[in-house]
2 protein chains.
Amino acid sequence: MTEVNELSNEHSPGARPTLAAVARRAGVSNSTASLAFGTAGPVSDATRERVLTAARELNYAGPDPRARSLRRGRSGIVGVVVEERVRDAFRDPIKLAVMDGLSEAIASLDAGLLLLADTGAASAHIEDASMDAAVLIGCSPRLNESVAAIRRRGIPLVAIEGEPADGVLVFSLDNRSATRVAAEHLRALGHERVAIVSLPLDRGRRHAMLTPELEAAGTSNTALERLAGARDVFPDAIGFVTTGSFVEEGTIAARALLADPETRPTAIIAQSDLLAAGVIRAAEDLGIAVPAELSVVGFDGVRVDGLWPYDLTTLAQPAVEKGRAAGRAIVEMLAGGHPDPLAFTSEFHLGNTTAHPPSIPG
Amino acid sequence: MTEVNELSNEHSPGARPTLAAVARRAGVSNSTASLAFGTAGPVSDATRERVLTAARELNYAGPDPRARSLRRGRSGIVGVVVEERVRDAFRDPIKLAVMDGLSEAIASLDAGLLLLADTGAASAHIEDASMDAAVLIGCSPRLNESVAAIRRRGIPLVAIEGEPADGVLVFSLDNRSATRVAAEHLRALGHERVAIVSLPLDRGRRHAMLTPELEAAGTSNTALERLAGARDVFPDAIGFVTTGSFVEEGTIAARALLADPETRPTAIIAQSDLLAAGVIRAAEDLGIAVPAELSVVGFDGVRVDGLWPYDLTTLAQPAVEKGRAAGRAIVEMLAGGHPDPLAFTSEFHLGNTTAHPPSIPG
DNA sequence: AGCCTGTATCGAATCGATTCGATGTGTTTC
DNA sequence: GAAACACATCGAATCGATTCGATACAGGCT
């Protein structure tokens with residue numbers, strides 16, 4: 001019966017051959033065949049050749065990654081968790097830059113990047129995808145049960161931004177103090193009526209005027225910190241919450257904030273450069289001159305195509321470097337090390353989109 | 001001794017608990033514990049509760065994905081292979097749109113997307129990543145050994161564009177005939193000196209003037225087909241090969257093509273909208289009026305931020321729909337079906353970037 | 001009472017490879 | 001010529017779960 005099974009395994013066209021089948025055909029043991037596929041093991045060249053030939057003849061595709069990863073305890077996969085649909089995540093140049101640095105730093109692991117959308121609902125994948133480590137990009141490492149599940153799994157877990165949490169290595173940015181610098185710049189220029197265009201505060205993702213309730217219910221560390229930085233200087237600034245860092249969202253926000261000529265702000269603090277670009281576009285449409293009638297500052301320091309001739313006043317953050325640091329940390333943790341968290345700082349860039357507020361005639 | 005091991009497994013802080021440990025603690029068999037984690041199985045509510053409680057007490061994170069995927073033969077991962085560095089892939093709005101449709105269509109699989117860069121060199125991941133299916137986006141399904149390895153693995157394999165190959169389900173686009181339509185449009189307007197700005201022809205990725213040698217050595221189906229479509233109408237068109245679909249690359253190409261005022265083309269066929277945007281930008285810089293002095297057509301039909309006031313004449317392709325079709329095909333193949341390949345067509349969009357060529361005085 | 005049905009649970013085989021310790025063979029060294 | 005050694009190869013245990021067929025038991029039926 002064993003014989004029959006062996007034959008059927010080797011000959012039935014549907015079933016993929018296994019390493020055992022290859023070994024049998026090459027006339028070596030299971031273990032030797034396995035060794036032959038590695039590069040290191042003590043195998044004679046002749047034997048290795050024989051095994052590889054047998055593999056070729058059987059059309060064997062190499063050791064099954066599933067079995068290999070069970071036995072080895074490593075799967076060669078690093079999970080990247082984003083708190084939105086995958087499609088939206090990749091419209092954000094900052095996230096792309098982070099992934100860029102990340103993939104560069106983990107290149108030595110020879111691992112693939114598994115995209116996981118932590119949209120709250122279908123978080124099935126994220127809890128039972130096999131990965132060797134996970135990176136949270138712009139998600140809250142606390143509060144979240146998927147994240148808790150990953151942590152329980154005991155794999156290295158790093159977060160780009162987001163407040164510190166147990167067992168999560170956080171790479172943070174000076175969101176609050178950097179925004180404060182920008183706000184102080186505006187105040188020094190003489191601005192008093194300032195409005196804020198905010199990134200989403202939670203996963204709700206509707207746009208709305210900023211209210212204390214929304215603010216209190218917020219979970220997005222990045223948005224809240226930048227908000228706090230602005231509030232440090234302009235405690236009463238009004239604001240508008242967008243659904244994401246997109247140019248169109250900035251336009252929508254600016255339309256709402258600039259609607260009433262009486263109460264119109266003289267400056268807008270946008271929480272991202274894309275939002276700022278949208279604000280400027282809206283101002284153009286409304287015939288409001290930037291920076292003469294409206295000053296605009298952004299955040300991120302990404303080059304926005306088509307913003308010319310404007311050179312946005314903004315806070316340049318080292319996004320690629322953040323990703324790289326996270327990647328390096330993962331490599332170190334997988335090697336058994338215990339790297340330290342790191343805080344990154346943004347640099348104020350003075351462009352030509354900020355100026356003194358217009359002097360208002362009596 | 002067995003006893004000792006069991007104890008050490010349950011108590012040593014480093015080792016993660018296994019399902020067996022949970023079962024033992026709950027006083028049920030291994031198999032019952034497994035059943036308790038599924039939703040379907042015939043388990044009494046009381047037992048399930050007991051198992052889940054034991055799991056909680058042991059801080060068990062749920063069945064190990066590696067073991068599960070070995071046993072089940074499914075890993076819940078769909079590989080996405082792109083022929084460039086991951087960072088570059090995501091700068092291309094068409095690839096993003098494809099991924100978008102893809103992730104939408106495979107949502108029912110509850111699978112994650114594994115990014116794999118087929119850069120020729122470090123193709124280690126792509127050959128031994130565990131995945132249930134693979135999608136090639138803009139890679140040649142022939143010629144490539146990594147792809148051959150995937151095929152040998154016997155998993156569903158679909159390709160977005162690229163010439164047909166055995167065992168690969170291809171979703172194609174009418175690259176050639178669509179480009180021909182654009183070229184005919186230019187000829188109808190009276191253009192005779194036309195230049196082409198081409199996507200990369202192979203993985204070499206250097207920019208250079210287009211030569212017959214480069215063309216003959218090309219492996220990128222998409223670029224070659226679009227080239228052929230242009231050549232159907234303007235057999236002698238000169239061209240410039242870029243390193244990718246980026247605005248800057250279009251600018252570089254246009255600078256090269258527009259350098260000599262004597263031989264300057266009156267129209268440029270760009271193989272992507274981003275390239276076309278770069279061409280227009282270069283023309284602006286050089287003081288060449290579009291469309292009065294230079295007509296420009298693109299390909300893709302993506303909205304390029306900052307191209308305003310231009311409305312690019314282009315070929316709009318159903319990128320999201322291509323991704324969706326690929327995703328649906330994968331779902332069907334994993335269910336044992338044999339879906340048919342599909343050919344998509346692009347739609348000519350007449351914008352304001354094409355016009356009659358300037359009448360050349362005496 | 002005897003028989004049958006259905007359900008909850010269990011045992012054991014299985015998925016496909018890796019790896020450790022053991023074995024056997026061939027070569028060097030004194 | 002025997003002891004020591006290096007090296008290739010092999011057997012068997014192992015990774016951690018899933019699943020199929022068997023079992024036991026409770027209740028319903030005639």
Side-chain angles (χ1 to χ4, degrees), chain A residues 1-2 5-6 8-10 15-24 26-51 55 58 60-76 127-130 132 153-155, chain B residues 1-2 5-6 8-10 15-24 26-51 55 58 60-76 127-130 132 153-155:
Chain A
M1 195 182 98
T2 303
N5 272 336
E6 284 178 359
S8 76
N9 275 339
E10 279 184 41
R16 297 282 124 196
T18 69
L19 181 58
V22 173
R24 225 175 301 131
V28 300
S29 79
N30 233 321
S31 26
T32 303
S34 177
L35 258 3
F37 277 94
T39 48
V43 192
S44 73
D45 289 348
T47 307
R48 164 167 291 131
E49 199 44 57
R50 208 142 35 88
V51 172
L58 288 176
Y60 177 67
D64 184 316
R66 287 179 272 263
R68 178 201 292 255
S69 81
L70 170 59
R71 184 64 241 244
R72 296 231 253 234
R74 288 269 170 101
S75 55
E127 301 205 11
D128 51 43
S130 64
D132 298 337
R153 206 138 248 150
I155 65 178
Chain B
M1 195 180 100
T2 303
N5 273 335
E6 284 176 0
S8 76
N9 276 338
E10 278 185 43
R16 299 281 124 198
T18 68
L19 181 58
V22 173
R24 223 175 302 132
V28 300
S29 78
N30 234 321
S31 25
T32 304
S34 176
L35 259 1
F37 276 94
T39 48
V43 193
S44 73
D45 288 347
T47 307
R48 163 168 289 131
E49 199 44 56
R50 210 141 35 86
V51 172
L58 289 176
Y60 177 67
D64 184 315
R66 289 180 268 263
R68 179 201 292 257
S69 79
L70 170 60
R71 184 62 242 245
R72 295 232 254 234
R74 287 270 169 100
S75 55
E127 301 205 10
D128 51 42
S130 64
D132 298 337
R153 204 138 250 152
I155 65 178

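Just so we're on the same page: letters track the sequence lines, and every chain starts at 1.
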Residues forming a salt bridge (charged side-chain N to carboxylate O under 4.0 Å, His left out) with B:R66, sequence neighbours excluded: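 If we apply the salt bridge (charged side-chain N to carboxylate O under 4.0 Å, His left out) test to B:R66, skipping adjacent residues, the hits are A:D132, B:D64.
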DNA chain C contacts made by residues 42-51 of chain A, counting heavy atoms under 4.0 Å: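 The answer is none.
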Could you tell me which non-hydrogen atom of [X] sits nearest to which non-hydrogen atom of [Y], and how far apart they are?
X     : Y      : result
B:A23 : B:A33  : CB-CB, 3.6 Å
B:P65 : A:A129 : CG-O, 3.7 Å
A:A55 : A:F37  : CB-CZ, 3.9 Å
A:P42 : A:L35  : CD-CG, 4.4 Å

All side-chain contact (heavy atoms from CB on, under 4.5 Å) counterparts of A:T47, not counting sequence neighbours: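 If we apply the side-chain contact (heavy atoms from CB on, under 4.5 Å) test to A:T47, skipping adjacent residues, the hits are A:V28, A:T32, A:V43, A:S44, A:R50, A:V51.
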Just to verify, what does B:T18 make a side-chain contact (heavy atoms from CB on, under 4.5 Å) with, not counting sequence neighbours?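 B:T18 satisfies side-chain contact (heavy atoms from CB on, under 4.5 Å) with B:A20, B:A21 only.
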Verify, without hydrogens or angle tests, whether A:R48 (side chain) and A:A36 (backbone) share a donor-acceptor contact under 3.5 angstrom.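 Side chain of A:R48 to backbone of A:A36, a donor-acceptor pair under 3.5 Å: yes, one is there.
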Judged by atom type as modelled, is there a donor-acceptor pair below 3.5 Å linking the side chain of B:R153 to the main-chain atoms of A:Y60?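 Judged by distance alone, no pair lies under 3.5 Å.
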Any side-chain N or O of B:Y60 under 4.0 Å from OP1/OP2 of D:dG16?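 Answer is no, no contact under 4.0 Å.
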Would you indicate, yes or no, if D:dG16 has its OP1 or OP2 atom less than 4.0 angstrom from a side-chain nitrogen or oxygen of B:T18?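 False: B:T18 side-chain N/O out of range (4.0 Å or more) of D:dG16 OP1/OP2.
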In whole angstrom, what separates [X]'s [atom1] from [N]'s [atom2]?
X     : N      : atom1 : atom2 : result
A:R16 : C:dA17 : CZ    : C1'   : 17 Å
B:L70 : C:dA17 : CG    : P     : 9 Å
B:R24 : C:dG11 : CZ    : P     : 13 Å

Roughly how far, to the nearest 0.5 Å, is the CZ atom of A:R68 from the OG atom of A:S34?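 Atom-to-atom, A:S34:OG and A:R68:CZ are 8.0 Å apart.
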Atom CG of B:L70 and atom OG of B:S75: how far apart are they, to the nearest 0.5 Å?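 So the CG of B:L70 and the OG of B:S75 are separated by 11.0 Å.
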Detail all sub-3.5 Å separations between protein N/O atoms and N/O atoms belonging to nucleotides 18-20 of chain C.
unit_1, atom_1, unit_2, atom_2, d
C:dT18, OP2, A:S34, OG, 2.6
C:dT18, O2, A:R71, NH1, 2.4

What's the angle between the local helix axes at either end of the helix from C:dA1-D:dT30 to C:dC30-D:dG1, using five pairs per end and rounding to 10 degrees?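 The end-segment axes of the helix from C:dA1-D:dT30 to C:dC30-D:dG1 are tilted 40° relative to each other.
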